[in-house]
Amino acid sequence: MIGAHPLVEDLNPEQKAAVTIAGGPVMVVAGAGSGKTRVLTHRIAYLIREMGVRPGAVLAITFTNKAAREMRERVGGLLGSTVNDMWVSTFHSACARILRREAHAFGYRSNFSIYDRSDSVRLIRQCLNDLGLDASRRSPRGLLNKISEAKNGLVDYETFLDRTEGPVEVAEVYRLYQQRLLQMSAMDFDDLLMVTVELFGAVPEVLERYQGIFGHVLVDEYQDTNQAQYLLVRDLAKRHRSLFVVGDSDQSIYAFRGADYRNFDRFDEDFPEARRVILNRNYRSTSTILDAANEVISANQRADPKDLWCDQHDGEQIIVHRGSGAVREARFVSNRVRQLLTEGYNPGDMAVFYRTNAQSRAFEEALRRSKAPYQVVGAAAFYQRREVKDVVAYLQVVANPDDGVALRRIINTPRRGIGRTSLGHLERFVSAEEVSLREGLERADEIPGISTRARRGVQQLAEVLASIKAHLESDGVGRATESAIFDTGLAEMATAEGGIEAEGRSDNLAELSRVAYEFDSTLEDDLASLEQLGRFLEGASLVSDPDNLDEGAGAVALMTVHSAKGLEFPVVFVVGMQDGLFPHERSLSDPDQLEEERRLFYVAITRSMERLHLSWDDTRMVGGYPYPQVPSRFLREIPEQLVEHVGGPEHPRSAKGTARGSSAGRHHAPAGGDRSFRRIVRQSGVEVGDRVRHATLGVGRVLTISGHGARASASIFFPGLKAKRELMLSAVEKLDGFGPGAASRSG
DNA sequence: ATACTTTATGTTTTT
DNA sequence: CATAAAGTAT
Ligand SMILES: Nc1ncnc2c1ncn2[C@@H]1O[C@H](COP(=O)(O)OP(=O)(O)OP(=O)(O)O)[C@@H](O)[C@H]1O
């Protein structure tokens, strides 16, 4: 302790310089693993402790909710106390919170719904229908992309129309779409940002208020901000000028959804007095990995030249594996995992990255067979599953009765006799009378042509909604969710058909209910029940894939490269390194997109601390026929001396770790006590005859197993029930020992 | 008129 | 492989 401040003790001189700058705008630009996030965290602590800033005056933006939680914790750790009134969140969450209070100025109600992509697509489809346009000719998704792009650049539909040269269809859809959103009091993801910026522009008092509240604005992962996000922080900071951003343009990987590296230039223009700090020392990776990363990124025209260095030893060479077929590629990974486990690594030290979600299957299967615990981060997001969305739609309608997209979704789900024609009548009525869908339903009796049966259905719907609302008001969100699951008939619908899949659906609903009850218990605010529900739904809409990673699970993490941004692992596998997959074929023709793919690869390899593996598959099976594959051009960009090649025709037995290692069996630690909806496939390594436990059915014995991977199911005999049941394997937990001790542990 | 069944269509990355 | 619109059975 050199008399230096404890806060900056564990920082190098450059980092320290950034953290302790007296005031004014600061931009930290630095390569991967140079401690940008650490600097930002220390900066917050420094502001609060050394500069006397109130925590409530801090707005810190992170890329994911999970990163926000961690940052809040770390700041608390540095300060030695918890800091609650500091705002640490993603752009979208922060905007949602602001808009709940302020959006009434634009005619939205504070209970507005937040639409995810599929909700938006549904609404676009409706708009197309109402405009008499053919939804099959113009893809709703494509339209949504255009509209989203416009919104990210803060182009409203009038401006959009002005700029349109050819057919005005897109502009018309945009106009109607936006009009409907407002009528329904709903916002899509882009609205959260755009409306906030517009509000700040249109109502000076509101902007001034938030400028006053957030005296200090900090942004992590600045390279992936879009224009709306930039304007937001610029507006907030333009008076007090306490804006602190950190980023690395070589890690910009979200241009496809509007991220704009020119925000670095805009910052320079708008904050010319800014101090710029460069960090060059990498603390994360071995020099072998770092050299490879530097080489790769230097192939980009638009690379940001850096002198990243580290004083770590060379470390192990990068292993490049060639395999034939997805199965063998996956087996290489699982064998390596097993070998590294015997070398002392823990499952949680390792991660597998792929370019597309669809690639995860083979690796799940291989890890399952090798009895290594793993978790799939993200994929097939929980809240996007049909059965879950149905329940959420009921809650959305309770929270915001004008939410037409949610209402339309549940109107005849489960079936209650309101069919195509009744819906048609209703729709015509609603558009003729220019009323909301809700009002149309309330006045169903006035609509000619609607059958008695359908009327009864409408009645039923109203009753069930009332019931959910009553439960909400008396007992909270958890009970309301339960009501939306059981009183609606969605529970029966979930169990109805498809034996095995039905179990999975029911499990998802049970999980949703659990999450809702947990939400109740963690809510400290004394909010009105409808506002509580709003918060719950908001949280549900804004979760991201990486939020579901559980570092404590002791499981190999499988995720897309995008999800891996900002993380680090001692051992990394980047799989599917073929031209056409990574870089993706849809990026090959456009040089800018290709460079983004290369940045993505740069992000992937810079996640690894010690051991990096890159694998490619020389024959992909498509429809039962082998298609030859070409190794990724990115592999050639890594200097040969850093690489060890394994596998391939010359090495028919894939290089390492093929030895049968029975010791690996010891490593499976079931990830118990999960507290969110993350989809952990408990790596039970369950076999016929094993004893397993199900959350509600108790302990049973496995009779048969069928299916693979996440879909594996088992027939299990439960002595307590004196019956056997077909269950998803992921729904049970293997009981390790045979003694009663094993059965007494519970989650 | 509704509910069930079949067929077509579109599959990168995501807040 | 999943969803959604069109076609068929009840
Ligand atoms: N001064 C330091 N001393 C020791 N370790 C450090 C120091 N600075 C950073 N680190 C470590 O280096 C690693 C990378 O830090 P951090 O995640 O903050 O970097 P980053 O620049 O945000 O990375 P990336 O942009 O790649 O996500 C972390 O494990 C961090 O603890």
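Side-chain atoms are counted along with the backbone in the values below, which use heavy atoms only and exclude waters and symmetry mates. Computed from a predicted model, the values in this text were never measured in an experiment. Lettering follows sequence order; numbering is per chain, from 1.
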So among H584(A), R355(A), R633(A), which one has a side-chain hydrogen bond (donor to acceptor under 3.5 Å, both in side chains) with E597(A)? R355(A)
I want to confirm an ordering. Mapping F63(A) and H425(A) to their closest nucleotides on DNA chain B, which one lands closer to the 5' end? H425(A)
Of all residues at least two apart in sequence or in a different chain, which pass the side chain to side chain donor-acceptor pair (under 3.5 Å) check with Q301(A)? none
In terms of side-chain heavy atoms of T560(A), which of dA5(C), dT3(C), dT14(B) is nearest? dT14(B)
Would you kindly give the CD-to-P distance between Q223(A) and dT14(B), to the nearest whole Å? 16 Å
Steps toward side-chain contact (heavy atoms from CB on, under 4.5 Å) verdict (V170(A), F160(A)): CA-CA 9 Å; V170(A) 182; F160(A) 190 90; 3.7 Å; yes
Please report, rounded to the nearest Å, how far the P atom of dA1(B) is from the CZ atom of R416(A). 20 Å
Give each protein N/O atom lying under 3.5 Å from an N/O atom of nucleotides 6-10 of chain C, with the pair distance.
{"unit_1": "dG7(C)", "atom_1": "O6", "unit_2": "R420(A)", "atom_2": "NH1", "d": "3.3"}
{"unit_1": "dG7(C)", "atom_1": "O6", "unit_2": "R420(A)", "atom_2": "NH2", "d": "3.3"}

Once you round it to whole Å, what is the distance between P of dT15(B) and CZ of F189(A)? 7 Å
Where at least one partner belongs to residues 413-427 of chain A, residue pairs that pass salt bridge (Lys or Arg N to Asp or Glu O under 4.0 Å), sequence neighbours excluded: R408(A)-E427(A)
side-chain hydrogen bond (donor to acceptor under 3.5 Å, both in side chains), paired with Q459(A), selected from E463(A), R455(A), R456(A): E463(A)
Have a look at T64(A) and say if it touches a base, only the backbone sugar-phosphate, or nothing, with a 4.0 Å heavy-atom cut-off. nothing
Which part of the nucleic acid does F91(A) contact within heavy-atom distance under 4.0 Å: base, sugar-phosphate only, or nothing? nothing
Name all residues meeting the salt bridge (charged side-chain N to carboxylate O under 4.0 Å, His left out) criterion together with E538(A); count only those two or more places apart in sequence or in a different chain, and write none if there are none. R100(A)
How many Å lie between CE on M559(A) and C1' on dT14(B), as a whole number? 15 Å
Base, sugar-phosphate or nothing for N412(A)? Non-hydrogen atoms, less than 4.0 Å. sugar-phosphate
Within this structure, what is the CZ-to-C1' distance between R408(A) and dA4(C), rounded to whole angstrom? 15 Å
Is the NZ or CZ atom of R607(A) positioned over F353(A)'s six-membered ring, under 6.0 angstrom from the centre and within 45° of the axis? no
Short side-chain N/O contact to dT14(B) OP1/OP2 from N357(A), under 4.0 Å: yes
Rounded distance (Å) that lies between atom C1' of dT14(B) and atom CG of D545(A): 8 Å
Could you go over nucleotides 5-7 of chain B and give all protein N or O partners under 3.5 Å, atom names and distances?
none

Would you check if H584(A) stacks with the base of dT12(B), given a 5.5 Å centroid limit and a 30° plane limit, both strict? yes
Between L144(A) (CG) and dT13(B) (C1'), how many Å, whole number? 16 Å
Using a 4.0 Å heavy-atom cut-off across all strands, classify R257(A) as base, sugar-phosphate, or nothing. base
Between Q593(A) and G419(A), which has a closest nucleotide on DNA chain B that is more 5'? G419(A)
Would you say H92(A) and L193(A) make side-chain contact, with heavy atoms under 4.5 Å? yes
ring centroid sep under 5.5 Å plus plane angle under 30, F256(A) with dT12(B): no
Taking salt bridge (charged side-chain N to carboxylate O under 4.0 Å, His left out) as the test, write out the residues that go with E595(A), two or more places apart. none
Please state how far atom CZ in R141(A) lies from atom C1' in dT9(B), giving the value in whole angstrom units. 12 Å
Parallel, tilted or perpendicular: ring planes of F363(A) versus Y354(A), cut at 30 and 60 degrees: parallel
